[in-house]
Amino acid sequence: MNGNPLLDIRGLTVEFGGLRALDGVDIQVHEGQIVSVIGPNGAGKTTLFNAITASVEATGEILFEGRTLLGLDANQVTSRGVARTFQNVRLFANMTVLENVMVSQHCRTKQGTFGALFYTKAFRREEAEIRARAEEILGFFGTRLIGFRLDQPAAVLSYANRRRLEIARAMATQPKLLLLDEPVAGMNPVESAELTGLIGRLREEWGFTIVVIEHDMEVVREVSDRVIVLDHGTMIADGDYHEVSSDPRVIEAYLGQGATTK
Amino acid sequence: MANNWAPKTKVDWFLTVLRVLALGVVTVGLLAFIAQQISVDNPFARLINPDATGLTVAQFRGLVISGLSQGAMYGLIALGYSMVYGVLGFINFAHGEVFMVGAMTGMITSNKLDDAGLWESNFIGSLLFIVVVSMLVCTLTAVIMERVAYRPLRKAPRLIPLITSIGISFFIQNTSVVLLGPTSKAYPDMPDWLTAKRTFLEIEGTKILVICVAALAMLGLWLLVERTKTGKAMRAVAEDQEIAGLMGVNVNRTIVKVFAVGGAMAGVAGILWGVLFRSVIHYTGFLPGIKAFSSAVVGGIGNLGGSMAGGLFIGLAESTGPLLILEPLGVSGVSQLRDAVAFAMLIGVLLLKPSGLFGERLSAEDRA
Amino acid sequence: MNESHPLLEMRSVNAHYGAVHALKDVDLAIYPGELVCLLGGNASGKSTTLKTLLGMLIPTSGEVLLDGEVVTERPISYRVKKGVTMVPENRRLFKRLSVKDNLELGAYLRKDTDHINADMERVFELFPRVKERLSQKAGTLSGGEQQMVAIGRALMAGPRVLLMDEPSMGLAPALVQQNFELIQQIHEAGMTVFMVEQNANMALSIADRGWVLQTGRVVLDDTAEKLLAHPDLRTSYLGGKES
Amino acid sequence: MTTTAGLLIRRVPAAWRRVVRIGALGALGQVFISLSGMPVRLDVREIVVPILSLGYLVVLAAPLVVGVLLGRRPEHSGFLANPPSNRDLVIGATTGGLMAGGGLSILALLLAGFDLRDPLINWSPQLLEFLSFGRGTGAGFIVWLVIGAGLGMVGGTLRLATSRTQKVIMTMALTVVAAAILESLVVDLVEGVKLEALVEWMYAPRGGVTLLGAAVLAIVSGVLSFVGQGRIKTVQARVQAMEGPKRTRVNLTLIAGVGVVMILLPLLVGKLTNELLANVGLFVLLALGLNVVVGLAGILDLGYVAFFAVGSYSTAVLTAATSPRIAPELPWFVALILVIFIAILVGLFIGAPVIRMRGDYLAIVTLGFGEIIRLLFLSDWLSGWFGGSQGITAIDGVDVFGLLTVDGTNPRRVFYLVLFFCAIAIYISWRLERSRLGRAWMAVREDEPVAEAMGINTVNVKLMAFVVGAVLGSFGGAIFVAKVGSVFPTSFLILVSIIILVVVIFGGMGNIFGVIAGAVVLIGVLGGPKQPGLLVEFSEFKLLIYGALLVWMMLARPEGLIPSARRSRELHQEEFLQDAWLRGEIDTDESNDPQTAGPTQTTDSDGGP
């Protein structure tokens with residue numbers, strides 16, 4: 001890769017009451033890459049996402065497109081172009097599918113009280129645009145989330161569809177960098193295979209740069225250009241799938257001795 | 001955390017200004033107080049409050065002692081808030097009314113005892129008796145409250161039990177009005193040997209009594225929670241009800257115990273109120289209730305020692321604050337602002353330290 | 001199959017969540033000393049089975065028997081006292097309490113101090129690392145240590161049968177492996193274990209026997225080897241995590 | 001336990017225990033109501049002359065309710081139970097009623113035998129007389145047992161009737177009671193359209209419906225209800241089935257109709273009723289304001305009265321000649337613009353520090369702010385500005401372009417003023433809810449951290465809710481000042497906040513119609529913090545009832561009288577999901593059997609951490 005990385009993390013450290021969840025991590029993600037982050041539980045993977053999206057305080061440096069993200073509020077990070085999903089799906093369960101995707105265009109739209117109160121032309125145009133974009137994004141997942149589903153509350157969706165809707169919601173913030181936290185967790189093999197394909201299409205068709213946390217090595221092998229391994233808050237490996245999966249430290253810390261790599 | 005304080009947005013800027021302002025007012029007030037204590041005619045003191053008079057040592061001691069005794073009472077009530085919050089995660093707004101029920105029970109019982117002539121002839125025995133009766137009645141009130149109103153709401157969103165507790169608070173308060181009448185009622189006179197200022201530091205006996213009783217009750221509660229199996233069950237239920245149930249802990253019964261213990265503490269506090277002020281009315285529970293809640297928050301809610309410390313802090317602040325800070329600043333009629341000072345303390349502490357003085361910082365996971 | 005009478009049994013159990021029929025005529029029997037597993041995907045009724053066995057949910061019809069005694073409507077505490085304990089999914093330790101408190105809470109219903117102490121020693125023998133961390137808060141332990149405390153806590157109840165809820169859920173491969181080793185270890189020490197798993201390959205590799213649950217109905221019931229070779233299982237659990 | 005055909009029939013938990021429990025609660029309730037003084041105090045208010053007064057109605061309700069409760073078939077979800085026979089149910093209900101009545105019998109005996117006037121103020125000879133119908137304790141003792149058993153039986157039997165009959169009977173009873181309660185309003189209205197004869201015939205001279213009137217009302221309402229049942233639903237369904245512009249047209253017609261009624265109504269009624277309407281309107285306005293904060297953005301603000309106070313005081317200072325320090329004597333409408341600015345500033349000032357706090361801390365801190373603001377207005381320190389406890393008096397009303405003056409002496413004009421601002425408030429809430437801001441509020445209410453992560457500046461969005469609420473509250477304050485002509489700190493007790501909150505919750509949080517209905521029912525019938533309602537006699541017990549109502553509402557129907565669809569989904573998510581499953585709307589993963597997998601799967605994931 002040449003040029004400056006899209007995401008440039010240097011010496012990132014996160015502490016919780018004296019415990020270092022992340023300890024001086026350096027990660028560079030270039031535009032158009034799909035990078036997987038793996039590692040044992042408690043290694044700091046989700047903390048890494050939380051630090052990037054400003055849900056926890058961190059020290060060190062996180063540069064996104066050359067500008068620092070540290071010190072911003074979570075919503076400011078999102079409006080810079082970083083969006084995420086959550087490990088334990090956190091949709092707005094009582095809002096409809098459509099509303100879930102509409103509401104996350106908040107930082108890309110600007111109509112305020114005035115427009116709403118006086119029902120201005122600009123207001124109506126923007127509402128229509130928001131809706132159209134939402135439907136376009138939902139259409140990416142096939143017919144599952146459109147049609148009569150649009151006006152159903154997210155709570156009635158199946159588990160796999162909730163995961164898909166979460167990705168759609170993140171897409172609606174129009175990010176450059178998409179952070180997916182265990183996107184296939186709890187899915188059956190058929191569904192996770194399908195979603196694996198979708199991750200590739202997210203890059204090809206929408207141009208997102210993607211960082212994925214994943215336990216399923218199958219998926220990791222399938223999607224990633226690069227794999228980063230975290231253990232106890234430090235990075236122990238960084239390379240393509242084959243390098244990483246044969247690294248003795250990774251086998252020791254994460255894959256386990258019995259694991260076979262294909 | 002330092003990072004938290006670095007202003008990022010307009011709101012943060014405003015909050016920083018507020019924080020600085022709050023600290024500034026307190027600092028200037030205290031400085032002016034010190035100045036006027038050094039000499040009332042001190043130019044600095046005169047500059048800020050032309051009518052500065054200063055305090056005598058006796059006045060100051062009086063303020064501190066009444067602050068401590070009231071604070072001890074707040075602390076006792078705060079324990080109930082804190083324990084229920086720890087276990088069920090909501091503010092039992094009606095806890096202040098349990099305290100009022102205690103004070104009312106004490107009033108009724110002590111007057112009956114007085115009619116029978118026992119109050120004077122055997123004061124200590126009578127006092128013990130009314131404490132016990134009040135604890136029983138308050139425990140019962142708290143337990144019924146839990147059973148009727150909160151148990152059915154265990155799984156409801158958090159604001160629902162909070163709103164319910166406001167309703168209960170209203171209901172208990174007005175039950176007192178319709179059953180006992182809307183006028184304020186008096187406790188019988190305390191014996192002279194208690195109310196007289198003792199030679200020892202010239203402190204009223206009642207206040208010493210209040211502080212001692214509160215300390216005893218607090219100690220008992222601490223032993224219960226930290227040293228017994230019941231206490232361990234309470235702490236387990238506070239953390240994870242489902243898993244505690246899986247261990248064989250009877251979750252419902254443990255929660256009832258928490259309410260009962262909180263109620264008993266409020267009952268003791270109710271009697272202490274009676275001893276201190278000798279007068280009780282249906283809204284007696286409201287202000288002390290809110291202040292006790294503030295104490296619990298200031299001390300870090302869920303933390304028992306913190307609640308007591310918070311109580312003392314709020315008690316001291318509201319008794320000394322007006323004269324130590326506001327008066328030297330030239331505010332007139334400061335005694336009217338006691339309650340405002342207590343609330344301002346609550347707001348101030350939460351502004352400076354959102355988790356309270358002794359509270360552990362809640363992790364994102366706990367808050368979810 | 002063992003011919004002595006089962007330690008824990010479900011007889012034609014039906015369970016509902018309101019209108020939802022979550023379990024349909026489920027029969028299970030766990031014999032003393034066995035290591036058995038219940039397999040199934042999302043929404044297959046695995047959690048409902050566990051809840052029914054523990055008494056968190058009372059079935060609409062059918063019976064739950066513990067050592068021949070009908071306990072269908074008995075509360076959790078009764079069953080815990082009689083020897084059923086569960087290690088919950090994701091460990092769920094009391095993170096703010098010390099490791100010692102956690103272990104002691106496991107023995108909450110027991111009054112025989114001597115036996116409790118003996119069991120504590122047994123836990124220390126199985127997991128020497130737990131003893132070193134006794135006064136530490138459980139939340140500060142590493143994932144593997146927490147797993148040990150979770151199993152230790154369950155053992156402190158003096159169970160005759162141990163239920164494991166999704167021991168591999170959301171864990172790193174190495175930790176999953178370690179976890180299954182722990183299960184095998186306590187099984188070898190004589191414990192009857194019933195585990196509920198999504199990861200069919202992993203579970204069947206250590207289990208004696210298994211059932212497969214699909215939408216509330218038992219669709220397969222066989223020994224572990226036969227299940228592993230079964231074509232239906234291959235299609236519905238294509239791969240699992242480590243194949 | 002018996003086993004038949006492989007199914008286990010479980011015993012229903014002993015039925016007699018339930019009877020005893022509910023009966024005893026009924027008895028306790030009876031005693032409590034009696035000792036609260038309600039029956040004696042309300043005895044003066046007649047419902048049906050000469051047989052029933054409000055006092056007796058209150059007491060008689062208990063055994064009836066006990067009967068109805070016991071007449072209901074116990075539900076044991078997921079159990080196959082032997083249903084109790086009708087006879088058993090009625091016997092149970094009768095016993096329960098008997099117990100409830102027995103409570104009063106025993107109370108009567110105790111009243112005659114002991115003196116507990118200290119401390120129970122209502123332990124009085126009057127109560128004894130009330131309970132014994134003036135005929136001696138013995139008579140009272142027996143009569144209450146008989147009445148209790150009779151009402152219990154009636155209640156129990158009622159429950160067994162078909163739902164259609166139940167509805168007809170309920171409608172008849174409610175119509176008569178409503179006619180009595182709404183007497184002054186009805187009389188006023190009927191006289192307004194010059195139909196005095198009707199009034200004379202229906203109401204007794206000293207209040208209460210006459211026997212004839214009650215009979216006619218009951219029959220008419222019964223017939224109407226019998227015939228009308230089902231039709232309303234069909235019409236509703238038809239309207240709901242309409243689409244797009246057609247539906248909008250129906251809605252617009254409805255709104256216009258209500259508007260016309262609201263404009264004509266004050267012309268038909270007298271001063272007192274207009275006063276009442278104005279009071280209700282004022283609380284509708286305040287409740288709409290609080291609804292934006294609590295209902296839409298989900299922020300539990302217990303210090304809402306602060307905005308009302310600030311609106312009042314700033315209007316007073318800006319318009320009154322008697323304002324102590326500065327008295328610009330601005331015209332009301334000009335002052336209003338400044339008041340809006342002040343309200344926005346105060347909204348931001350109070351909002352900024354509390355906005356990041358967790359829900360329950362925020363509740364208490366806003367309550368603290370509310371008190372601080374009142375205490376400051378009351379204090380000697382600022383009395384030079386706001387008059388301290390003396391307040392500001394002799395404030396002129398609203399001068400409308402020199403044409404007319406709106407002030408307290410003419411409640412009809414006040415009502416129109418209130419109506420105008422209510423319309424504004426309704427429009428604002430309605431538009432905002434359906435905008436980008438409204439969606440953001442919804443998201444914040446659902447899951448704040450996630451809303452933040454989705455790019456919503458939650459602080460700004462919540463502050464916005466505070467500000468909108470503050471502005472609407474300050475409108476209320478400005479009108480209040482014009483209406484009353486004075487301000488005192490005592491008008492701004494925390495009590496006011498709580499009552500507004502009860503109105504919002506009772507009516508239905510997040511739903512404009514609900515909030516309006518809540519204000520009409522509560523403030524109109526029971527009365528506001530200081531304003532009497534239609535049931536003037538209730539004013540002593542108003543707050544008690546508010547408290548009980550709030551608790552009951554939270555337990556039985558937390559979504560309120562007229563709930564917003566979304567809110568009830570939030571509060572009854574499990575039931576909602578079940579219904580959706582029964583309708584086949586639950587989405588299932590492709591690989592699973594669609595009929596069974598969905599709901600279990602949702603339950604599974606709901607059971608997670």
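Predicted model only: the values in this text are computed from it and were never measured. A, B, ... follow the sequence lines: proteins, then strands. Residue 1 opens every chain.
- Heavy-atom distances place no part of D:Arg445 under 4.5 Å from chain A, backbone and side chain included.
- D:Val461 touches chain A through its side chain: at least one heavy atom from C-beta onward sits under 4.5 Å away, while N, CA, C and O do not.
- Enclosure of atom CZ in D:Phe333 by more than 12 non-hydrogen atoms of other residues, nucleotides or ligands within 6.0 angstrom is indicated.
- Shown here for A:Val103 and D:Ala443, the closest heavy-atom pair between the two residues is CG2-CB, 3.9 Å.
- Of the inter-residue distances, the one linking A:Glu126 atom CD with D:Arg436 atom CZ reads 6.5 Å to the nearest 0.5 angstrom.
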Next item on the list: Could you please spell out the steps behind the side-chain contact (heavy atoms from CB on, under 4.5 Å) verdict for D:Asn457 and A:Asn75?
Entry: CA-CA 6 Å; D:Asn457 186 337; A:Asn75 70 77; 3.7 Å; yes
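- A salt bridge does not link D:Glu446 with A:Arg90: every distance from a Lys NZ or Arg NE/NH1/NH2 to an Asp or Glu carboxylate oxygen is 4.0 Å or more.
- Contact count against chain D (heavy-atom pairs under 4.5 Å) is highest for A:Pro153 among A:Ala93, A:Pro175, A:Ala170, A:Pro153.
- In terms of heavy-atom proximity, A:Met95 sits nearest to D:Arg439 at CE-O, 3.9 Å.
- For chain D, the option among A:Arg80, A:Arg84, A:Lys110 with the highest count of heavy-atom pairs below 4.5 Å is A:Lys110.
- A pairwise comparison of heavy atoms in A:Ala116 and D:Arg431 identifies O-NE, 2.8 Å as the closest pair.
- Listed for the D:Tyr427 side chain is a donor-acceptor partner under 3.5 Å among the backbone atoms of A:Leu117.
- Both the backbone and the side chain of A:Thr109 come within contact range of chain D, each with at least one heavy atom under 4.5 Å from a heavy atom of that chain.
- Counting heavy-atom neighbours within 6.0 Å of A:Arg67 CZ, excluding the residue itself, gives a total of 12 or less.
- Rounding to the nearest 0.5 angstrom, the gap separating the CG atom in A:Asp73 from the OG1 atom in D:Thr458 is 7.5 Å.
- Two residues are said to be in side-chain contact when any heavy atoms from C-beta on lie closer than 4.5 Å; A:Thr113 and D:Met464 meet this criterion.
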Check: Between A:Tyr119 and D:Arg434, does a side-chain contact (heavy atoms from CB on, under 4.5 Å) hold up when you go through it step by step?
Finding: CA-CA 11 Å; A:Tyr119 205 53; D:Arg434 278 155 194 76; over 6 Å; no
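- Considering every non-hydrogen atom in both A:Phe92 and D:Val450, the closest pair reads CZ-CG1, 3.9 Å.
- At distances below 3.5 Å, at least one donor-acceptor pair connects side-chain atoms of A:Thr78 with backbone N or O atoms of D:Ala453.
- When heavy atoms are compared at a cutoff of 4.5 Å, A:Ala54 does not approach chain D at all.
- Note: A:Leu91 CG to D:Met454 CE = 9.0 Å, rounded to the nearest 0.5 Å.
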